[in-house]
**Q** 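Take this structure first; my questions come after.
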Amino acid sequence: TREELEKLAIQYNKEVTRMNESLQSITIRVKESQKEHLERIQSLTSQHTTLVEENTKLACYLTEQEKKLELTSLALTRAENHLSNLGKQLGLSLRDQQLRIQRERELKLQNHALKLEFSECRAKLQDMKRMT
């Protein structure tokens with residue numbers, strides 16, 4: 001009957017209206033959630049970009065520091081070598097001085113021995129002159 005069909009149609013329309021309202025509510029919540037997620041993604045992207053920039057700056061700084069460290073290390077090695085060479089030179093110089101002093105002593109002793117020998121020869125010569 002017609003009345004039953006009309007009642008069913010009214011119920012069907014009410015049900016469709018209720019479903020449409022529910023769907024609209026869900027759609028609104030989904031859009032709000034999407035908006036929140038988009039804002040969060042934008043925020044995280046911004047933070048990521050900032051961190052990448054800071055990381056790049058730090059990498060450059062560390063590279064510069066490594067170069068400075070290498071240069072400092074080279075300078076220290078050169079200084080150590082120079083000091084080592086100076087030490088060797090001073091050691092050789094000291095040894096040379098010791099050898100020179102020893103040689104001077106030997107020469108003085110030889111000189112003294114020659115003077116004694118010369119004095120003895122002079123004395124003998126004078127004795128020979130007296131005898132003649």
**Q** Quick one: side chains of residues 107-128, donor-acceptor pairs under 3.5 Å with protein atoms, not counting sequence neighbours, listed by atom name and distance.
**A**
| unit_1 | atom_1 | unit_2 | atom_2 | d |
| --- | --- | --- | --- | --- |
| S119 | OG | K115 | O | 2.9 |
| D127 | OD1 | R130 | NH1 | 3.4 |

**Q** Using the salt bridge (Lys or Arg N to Asp or Glu O under 4.0 Å) criterion, which residues pair with E39? Sequence neighbours excluded.
**A** none
**Q** Sort and list the pairs that fulfil salt bridge (charged side-chain N to carboxylate O under 4.0 Å, His left out) and have at least one residue in residues 9-19, not counting sequence neighbours.
**A** E15-R18
**Q** What residues join Y12 in its hydrophobic cluster, counting side-chain heavy atom gaps under 4.5 Å, either direct or through other members?
**A** V16
**Q** What pairs with E36 under side chain to side chain contact (heavy atoms under 4.5 Å, CB included), at least two apart in sequence or on another chain?
**A** none
**Q** Calculate, to the nearest 0.5 Å, the distance between atoms CD and OG1 belonging to Q42 and T45 respectively.
**A**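 Separation between the atoms: 7.5 Å.
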**Q** In the hydrophobic cluster built from side-chain contacts under 4.5 Å, what are the other members alongside V30?
**A** I26
**Q** Under the salt bridge (Lys or Arg N to Asp or Glu O under 4.0 Å) rule, collect the residues that match up with E53, sequence neighbours excluded.
**A** none
**Q** Rounded to the nearest 0.5 Å, what's the gap from CZ on R2 to CG on L5? Could you check?
**A**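 Taking CZ in R2 and CG in L5, the distance rounds to 9.0 Å.
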**Q** Please name all residues satisfying side chain to side chain donor-acceptor pair (under 3.5 Å) with E4, sequence neighbours left out, ordered by chain then number.
**A** T1
**Q** E21: which residues meet the salt bridge (Lys or Arg N to Asp or Glu O under 4.0 Å) condition with it, sequence neighbours left out?
**A**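 In terms of salt bridge (Lys or Arg N to Asp or Glu O under 4.0 Å), with neighbours along the sequence ignored, E21 is linked to no residue.
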**Q** What distance separates S46 OG from L51 CG, expressed to the nearest 0.5 Å?
**A** 9.5 Å
**Q** Taking only residues two or more places apart in sequence, or in another chain, which ones meet R40 in a salt bridge (Lys or Arg N to Asp or Glu O under 4.0 Å)?
**A**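 If we apply the salt bridge (Lys or Arg N to Asp or Glu O under 4.0 Å) test to R40, skipping adjacent residues, there are no hits.
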**Q** I would like to know whether R103 and E106 meet side chain to side chain contact (heavy atoms under 4.5 Å, CB included); could you show each step before the answer?
**A** CA-CA 5 Å; R103 181 72 179 138; E106 291 170 358; 3.6 Å; yes
**Q** Show the atom names and distances, to 0.1 Å, of all donor-acceptor pairs under 3.5 Å that link a side chain in residues 74-101 to residues at least two apart or in another chain.
**A**
| unit_1 | atom_1 | unit_2 | atom_2 | d |
| --- | --- | --- | --- | --- |
| T77 | OG1 | S73 | O | 2.9 |
| N81 | ND2 | T77 | O | 3.4 |
| N85 | ND2 | N81 | O | 3.3 |
| R100 | NH1 | E104 | OE2 | 3.1 |

**Q** Name the atoms and distances for all side-chain donor-acceptor pairs under 3.5 Å in residues 54-70, with sequence neighbours left out.
**A**
| unit_1 | atom_1 | unit_2 | atom_2 | d |
| --- | --- | --- | --- | --- |
| T56 | OG1 | V52 | O | 2.8 |
| T63 | OG1 | A59 | O | 2.8 |

